[in-house]
Participant: 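Here's a structure for you.
A, B, ... follow the sequence lines: proteins, then strands. Residue 1 opens every chain. Note that this is a predicted model, so its numbers are computed, not measured.
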Amino acid sequence: MVERSKVRVLIAKPGLDGHDRGAKVIARALRDAGFEVIYTGIRQTPEQIVESVIQEDVDVLGISILSGAHMVLIPKILRLLEEKGLKPNEDVLVIAGGIIPPDDAQELEKMGVAKVFGPGSPINEIINFIDENLPKLKKFRGS
Amino acid sequence: MIDDLIERMLKGDKKATARLITLVENDEEKAREIVKKIYKYTGKAYIIGITGPPGSGKSTLLDKLIKQARNEGLIVGVIAIDPTSPFTGGALLGDRIRMQRHSTDPGVFIRSMATRGSLGGLAKATNDAIKVLDAYGCDIIFVETVGVGQIEVDIVKTADTVVLVTVPGLGDDIQAIKAGLMEIADIFVINKADKEGADATFFELNLMLDLEKEKWERRGWRPPIVETVAVTMKGIKDLWEAIKRHRKFLEESGEIDKKKKFRAEEEVKTIVSDSVARKISEKLKDKELSKLIDKIVKREMDPYSAAEVVLEETLGVKI
Ligand code: B12
Ligand SMILES: Nc1nc2c(ncn2[C@@H]2O[C@H](COP(=O)(O)OP(=O)(O)OP(=O)(O)O)[C@@H](O)[C@H]2O)c(=O)[nH]1
Ligand SMILES: [Mg+2]
């Protein structure tokens with residue numbers, strides 16, 4: 001397992017979405033599980049999120065979105081990441097949560113989100129998923 | 001791999017720069033290699049420390065100061081430090097929230113950093129991360145410390161100008177300033193001057209500074225007090241001007257060279273004592289140590305003699 005206290009996670013809220021409870025719950029839970037969590041607040045543009053991923057050199061990008069605009073904003077983030085030379089789930093693990101209907105979730109998972117976690121997702125499930133998938137990132141292979 | 005990252009960093013690649021900061025944070029061996037290789041490119045950046053109690057508005061002020069520096073065309077680096085939980089090893093780094101409008105500005109690089117067990121208000125890797133940003137090409141590097149207490153004053157060993165932020169109506173805060181924090185400040189800021197009590201805080205601080213009149217005369221610099229409202233723009237220009245005045249004072253009086261010497265000395269001492277401690281713990285087998293500890297507990301040996309044995313056996317040093 002990759003040592004959690006050296007794993008950096010960005011929790012980001014794209015778009016004009018003020019629902020920040022879930023993002024804060026997840027950010028605190030991951031901190032309490034021993035991760036280094038960066039929270040950038042509400043109303044972030046995809047560009048700001050991707051720049052933060054770069055400057056903070058995070059290992060995990062967690063996107064929280066409850067506004068309904070996920071099919072526009074998340075693909076845009078994925079595209080910008082690729083443009084900057086960051087392959088989702090090769091260079092950075094991308095997960096998402098919030099109000100995302102199952103069909104959309106499936107679609108997003110095809111596009112490159114490693115997993116979508118909806119309302120009521122147990123925290124442990126999210127943490128286990130991160131622990132299990134981090135070693136698949138390029139930088140952690142063989143560790 | 002490191003040579004490649006450095007080459008890319010020197011060309012202004014933010015991804016490579018960010019990766020180098022991660023390496024100096026995570027890996028002591030790599031930190032050594034990186035600093036050795038980039039040191040010749042450093043020394044250009046001016047370093048400004050922002051310290052003060054939790055929630056006093058340090059990050060919000062920083063957001064406005066970044067803007068001032070950018071207006072003058074300066075390349076800006078920011079290292080914002082928040083505490084690591086001693087219980088879980090995790091950290092929630094939230095300073096960036098207040099500065100996010102700058103994150104897409106090509107002339108700004110913002111990095112959040114957790115203390116990872118350091119107690120002085122900075123992280124162990126802060127100085128090395130500063131060197132990376134310096135080599136990357138920052139003209140100015142702001143360092144936001146964790147909320148300062150009485151012992152968290154490492155920032156004086158790092159920054160050229162230290163800005164101490166306080167807010168109205170913090171009685172205990174003034175006590176803390178009296179108890180030693182006054183020594184570290186080059187500039188005082190009373191932020192949230194929109195709140196009641198700003199004038200009283202100004203009065204009290206001013207009185208305290210007056211008591212040390214001779215010291216300021218000797219030094220040639222009396223820390224100015226600037227009232228600000230970071231959420232608007234009130235006082236921000238004055239603060240930026242005060243920072244520039246302090247820089248000019250340091251440069252014209254030659255104080256800057258003294259600071260650089262002091263800093264270099266502190267840095268070497270820290271590296272030496274850290275390296276010695278690490279070498280000893282690498283070489284000292286747990287079994288030998290526990291034998292010695294048993295002897296101490298049974299009063300067959302005193303702690304000083306035990307330490308002498310440890311030093312002789314691990315490093316071959318006699319004291
Ligand atoms: C509380 C709430 C509000 C509060 C928000 C307070 C706040 N600061 O967060 C207030 C009253 C302000 C509000 C306002 C609005 N709301 Co509202 N709100 C809700 C409500 C009832 C609960 C959301 C919540 O906080 N849940 C608790 C948290 C802990 O759960 P969560 O966010 O889902 O997070 C969990 C998972 O999703 C996941 N997760 C979330 N993020 C992430 C991120 C990662 C990385 C991972 C791994 C997991 C993860 O893990 C969490 C824990 O299990 C929902 C309905 C619902 N049942 O979800 C509607 C809801 C989200 N709101 C809705 C709407 C429409 C609005 C308004 C537009 C209403 C209006 N017309 O004014 C405004 C918009 C406000 C704005 N600026 O964006 C709709 C959204 C519809 C849509 N997406 O299609 C919902 C779904 C209600 C509905 N059924 O219509 N709202
Ligand atoms: N009224 C008022 N509020 C302010 C002012 N400056 C900052 N704040 C608010 O104070 C709160 C804390 O501001 P931050 O900038 O995060 O403070 P900080 O010192 O960086 O906090 P930590 O990093 O957590 O120690 C925020 O809600 C700001 O909006 C000000 O001048 N006046
Ligand atoms: Mg802050």
Participant: How long is the gap from CD1 on A:I38 to CE on B:M113, to the nearest 0.5 Å?
Facilitator: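 Output value for this atom pair is 11.0 Å.
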
Participant: Within a radius of less than 6.0 Å around NZ of B:K67, do more than 12 heavy atoms belonging to other residues, nucleotides or ligands occur?
Facilitator: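 No, NZ of B:K67 has 12 or fewer neighbouring heavy atoms, counting only those of other groups under 6.0 Å.
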
Participant: Roughly how far, to the nearest 0.5 Å, is OG1 of B:T22 from CG of A:D57?
Facilitator: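 So the CG of A:D57 and the OG1 of B:T22 are separated by 3.0 Å.
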
Participant: Shorter than 4.5 Å, heavy atoms on both sides: which option in B:T104, B:L92, B:D95 has the most such pairs with chain A?
Facilitator: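 Max contact count across the listed options: B:L92.
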
Participant: Less than 4.5 Å to any heavy atom of chain A: does that hold for the side chain of B:V108, its backbone, both, or neither?
Facilitator: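 When you check distances to chain A, only backbone atoms of B:V108 fall under 4.5 Å.
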
Participant: Sort A:Q44 into side chain, backbone, both or neither according to what part of it lies under 4.5 angstrom from a heavy atom of chain B.
Facilitator: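 Contact with chain B is through the side chain of A:Q44 alone.
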
Participant: Side chain, backbone, both or neither: which part of B:R116 has a heavy atom under 4.5 Å from chain A?
Facilitator: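 Answer is side chain: those atoms of B:R116 sit under 4.5 Å from chain A.
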
Participant: Can a donor-acceptor pair be found, under 3.5 Å and without considering hydrogens, that links the side chain of A:E36 to the backbone of B:A91?
Facilitator: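 No: the side chain of A:E36 does not pair with the backbone of B:A91.
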
Participant: In terms of heavy-atom proximity below 4.5 Å to chain B, should A:Y39 be classed as side chain, backbone, both, or neither?
Facilitator: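 Both backbone and side chain of A:Y39 come within 4.5 Å of chain B.
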
Participant: Just to be sure I understand the criterion: a residue of residues 28-46 of chain B counts if one of its heavy atoms is under 4.5 Å from a heavy atom of chain A. Which ones qualify?
Facilitator: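 From residues 28-46 of chain B, none sit under 4.5 Å of chain A.
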
Participant: How long is the straight-line distance from CD of A:E56 back to OG of B:S112, given to the nearest 0.5 Å?
Facilitator: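 Going from OG on B:S112 over to CD on A:E56, the span is 3.5 Å.
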
Participant: With no hydrogens and no angle check, do the side chains of B:T88 and A:D32 hold a donor and an acceptor under 3.5 Å apart?
Facilitator: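 Short answer, no.
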
Participant: I'd like to know if the side chain of B:R101 pairs up with that of A:Q48 as donor and acceptor (distance under 3.5 Å, no hydrogens or angles considered).
Facilitator: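 Their side chains do not contain a donor-acceptor pair, so the 3.5 Å distance test is not met.
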
Participant: Could you measure the distance from the CD1 atom of A:I42 to the CD atom of B:Q100? Nearest 0.5 Å is fine.
Facilitator: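 If I round to the nearest 0.5 Å, the distance is 12.5 Å.
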
Participant: List the steps, then state whether side chain to side chain contact (heavy atoms under 4.5 Å, CB included) holds for A:S52 with B:R96.
Facilitator: CA-CA 9 Å; A:S52 305; B:R96 202 181 169 100; 3.4 Å; yes

Participant: For each of A:V37, A:V50, A:I54, A:V53, tally heavy-atom pairs with chain B at distances under 4.5 Å, and name the one with the top tally.
Facilitator: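 Between A:V37, A:V50, A:I54, A:V53, the count favours A:V37.
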
Participant: At what distance, to the nearest 0.5 angstrom, does CG of A:L86 lie from NZ of B:K15?
Facilitator: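 So the CG of A:L86 and the NZ of B:K15 are separated by 4.5 Å.
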
Participant: Counting only N and O atoms by type, is there a donor-acceptor contact under 3.5 Å from the side chain of A:Q55 to the main-chain atoms of B:A18?
Facilitator: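 Side chain of A:Q55 to backbone of B:A18: no pair is present.
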
Participant: Quick check on the interface: out of A:R4, A:R31, A:E51, who has the most heavy-atom pairs with chain B under 4.5 Å?
Facilitator: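 Going by pairs under 4.5 Å, I would pick A:R31.
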
Participant: Give a yes or no on whether the backbone of B:N26 and the side-chain of A:K6 come within a donor-acceptor separation of less than 3.5 Å.
Facilitator: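 A pair under 3.5 Å: yes.
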
